[in-house]
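To start, the structure under review is shown below, and the notes come after it.
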Amino acid sequence: MNKVLQLQKKLTQLAILDATFEVFGSESHQYQLKPCLSNKEIQVFESRYNITLPSEYKNFLLEIGNGGAGTGYGLSGLSVIEFEDIIIEKLYQEKYKILSKPFPLIKGWNNLDLIVKNNTGFVINNDAYFDDKFIQGTLTMTNYGCGIYGMLVITGDQSGKIWIDDRTNDNGIYPASLSFCHAFHDTDPDDLYPNNDEEQPLSFYDWYEDWLNRSLHQIRQSLET
């Protein structure tokens with residue numbers, strides 16, 4: 001079965017089975033998807049920011065939707081409005097100007113020495129730790145809550161892979177691996193913060209399908225009890 005059709009089928013099943021929105025975050029999106037983008041809209045966006053969107057994500061935008069139903073509190077869409085070939089950005093959501101710069105990481109990173117504290121341990125400057133250079137070349141895909149964000153790498157060797165920005169909790173930036181998905185997509189994980197340093201990040205489709213599979217399993221178990 002075509003991968004897009006497979007994802008659509010599973011999402012439809014999940015929406016039907018989870019009528020009371022038991023899956024985490026589902027109340028916010030209610031399994032609704034925003035309208036798909038056109039090829040022209042995507043091409044204008046890519047041209048303006050000198051990038052090429054990963055093929056899986058591009059197909060998702062074209063055939064499934066520009067955000068909506070998904071892991072965390074739902075997928076963020078491209079913050080784009082096309083009007084007379086001009087794209088207007090929602091400034092609060094994305095810093096698109098750094099999209100064309102390559103994502104710098106190949107393994108989990110967390111340099112807490114960049115956080116400056118005073119003698120009592122109070123943080124007086126963390127600008128270097130939160131520097132945008134560590135997440136350049138990425139698009140924010142979802143908000144997991146508690147300051148944890150899922151990002152899709154757009155530019156660089158990790159293009160098409162999902163990474164996690166967990167710097168708000170002093171946990172750095174690390175791959176969205178299978179163990180991460182177990183911790184954040186399961187309702188009763190064994191470990192909230194697994195060690196992802198040696199694991200590979202999932203592709204966009206695999207990450208999205210992991211959420212669908214685990215959510216369907218959760219709801220089916222709930223219906224059986």
Side-chain angles (χ1 to χ4, degrees), residues 1-15 17-18 22-26 29 31 53-60 64 67-76 102-110 134-135 137-222:
M1 180 185 294
N2 177 282
K3 191 68 171 183
V4 167
L5 293 177
Q6 186 175 334
L7 295 178
Q8 289 174 321
K9 180 179 179 181
K10 290 183 178 182
L11 181 58
T12 299
Q13 291 174 339
L14 182 56
L17 292 174
D18 189 21
E22 292 182 28
V23 171
F24 175 82
S26 59
H29 55 72
Y31 301 109
L53 293 175
S55 59
E56 290 185 356
Y57 182 55
K58 187 182 296 186
N59 289 336
F60 192 94
I64 298 182
T71 183
Y73 288 102
L75 293 187
S76 302
F103 180 64
L105 305 178
I106 57 173
K107 62 180 181 179
W109 168 91
N110 194 23
F134 297 117
I135 58 168
T138 69
L139 277 170
T140 299
M141 289 289 102
T142 193
N143 178 359
Y144 280 102
C146 300
I148 304 170
Y149 296 90
M151 310 176 296
L152 174 65
V153 178
I154 302 299
T155 310
D157 292 340
Q158 293 289 307
S159 177
K161 305 296 185 180
I162 301 292
W163 282 68
I164 304 300
D165 184 356
D166 198 358
R167 289 177 294 175
T168 299
N169 302 292
D170 294 346
N171 290 310
I173 301 169
Y174 48 84
S177 62
L178 283 174
S179 64
F180 168 84
C181 290
H182 173 63
F184 280 81
H185 295 172
D186 274 350
T187 54
D188 189 22
D190 299 325
D191 187 358
L192 184 58
Y193 282 105
N195 183 355
N196 290 273
D197 290 348
E198 302 301 324
E199 295 192 65
Q200 295 300 309
L202 298 182
S203 71
F204 176 79
Y205 277 168
D206 288 345
W207 170 74
Y208 193 82
E209 187 170 29
D210 183 275
W211 169 73
L212 287 171
N213 289 340
R214 294 177 192 270
S215 297
L216 281 167
H217 179 71
Q218 171 195 338
I219 296 304
R220 285 166 177 157
Q221 279 195 323
S222 176

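- Side-chain contact between Gln8 and Val4 is present, with heavy atoms from C-beta onward closer than 4.5 Å.
- For Thr142 (side chain) and Gly150 (main-chain N/O), no donor-acceptor pair under 3.5 Å exists by modelled atom type.
- Taking CG of Leu14 as the start and CZ of Arg220 as the end, the distance is 9.0 Å to the nearest 0.5 Å.
- Phe180 is not listed as a side-chain neighbour of Pro175, based on a closest heavy-atom distance of 4.5 Å or more.
- Atom-to-atom distance recorded for Lys10:NZ and Leu216:CG is 7.5 Å, nearest 0.5 angstrom.
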Starting from the C-alpha separation in whole Å, work towards a yes-or-no answer on side-chain contact (heavy atoms from CB on, under 4.5 Å) for Tyr144 and Asp166. CA-CA 10 Å; Tyr144 280 102; Asp166 198 358; over 6 Å; no

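- The minimum heavy-atom distance linking Ser215 with Val23 is given by the pair OG-CG1, 3.6 Å.
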Determine, step by step, whether Phe24 and Tyr73 satisfy the ring-ring contact (aromatic ring centres under 6.0 Å, His included) criterion, reporting the C-alpha distance in whole Å, the side-chain angles of both residues, the deciding distance to 0.1 Å, and the verdict. CA-CA 8 Å; Phe24 175 82; Tyr73 288 102; 5.0 Å; yes

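- Within the 4.5 Å cutoff, the side chain of Leu105 has no heavy atoms near those of the Gln158 side chain.
- When side chains are defined from C-beta on, His182 counts as touching Arg214, because their heavy atoms get closer than 4.5 Å.
- Asp157 places no side-chain N or O within donor-acceptor distance of the main-chain N or O of Ile106, the cut-off being under 3.5 Å.
- Taking both residues in full, the closest heavy atoms of Tyr205 and Glu56 are given as N-OE1, 2.8 Å, listed atom of the first, atom of the second, then distance.
- The line from CE of Met141 to CD1 of Ile164 is 11.5 Å long, rounded to the nearest 0.5 Å.
- In this structure, Cys146 SG and Asn171 CG are separated by 11.0 Å, a value rounded to the nearest 0.5 Å.
- Two residues are said to be in side-chain contact when any heavy atoms from C-beta on lie closer than 4.5 Å; Leu53 and Ile154 meet this criterion.
- Residues Arg167 and Trp109 come closest through the heavy atom pair CD-CZ3, 3.9 Å.
- Between the Asp210 side chain and the Asp206 main chain, no donor and acceptor come within less than 3.5 Å of each other.
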Show the numbers, then the answer: is there a side-chain contact (heavy atoms from CB on, under 4.5 Å) between Ile162 and Tyr208? CA-CA 10 Å; Ile162 301 292; Tyr208 193 82; over 6 Å; no

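- If you take CH2 on Trp211 and CG on Leu11, they are separated by 6.0 Å, rounding to the nearest 0.5 Å.
- Using a 4.5 Å cut-off on side-chain heavy atoms (C-beta onward), Ile173 and Met151 make contact.
- Under the 4.5 Å side-chain criterion, counting only non-hydrogen atoms from C-beta, Lys161 is not in contact with Gln200.
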With side-chain contact (heavy atoms from CB on, under 4.5 Å) as the test, would you mind laying out the steps for Leu75 and Phe60 before giving the verdict? CA-CA 11 Å; Leu75 293 187; Phe60 192 94; 3.7 Å; yes

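- A search for ring-ring contact (aromatic ring centres under 6.0 Å, His included) contacts involving Phe103 returns Trp163, not counting sequence neighbours.
- Across all their heavy atoms, Ser222 and Glu22 have their closest contact at OG-OE1, 3.1 Å.
- In this structure, Thr138 and Asp165 have side chains that are not in contact, with every pair of non-hydrogen atoms separated by 4.5 Å or more.
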Check the pair Trp207 / Leu152 against side-chain contact (heavy atoms from CB on, under 4.5 Å), numbers first and verdict last. CA-CA 10 Å; Trp207 170 74; Leu152 174 65; over 6 Å; no

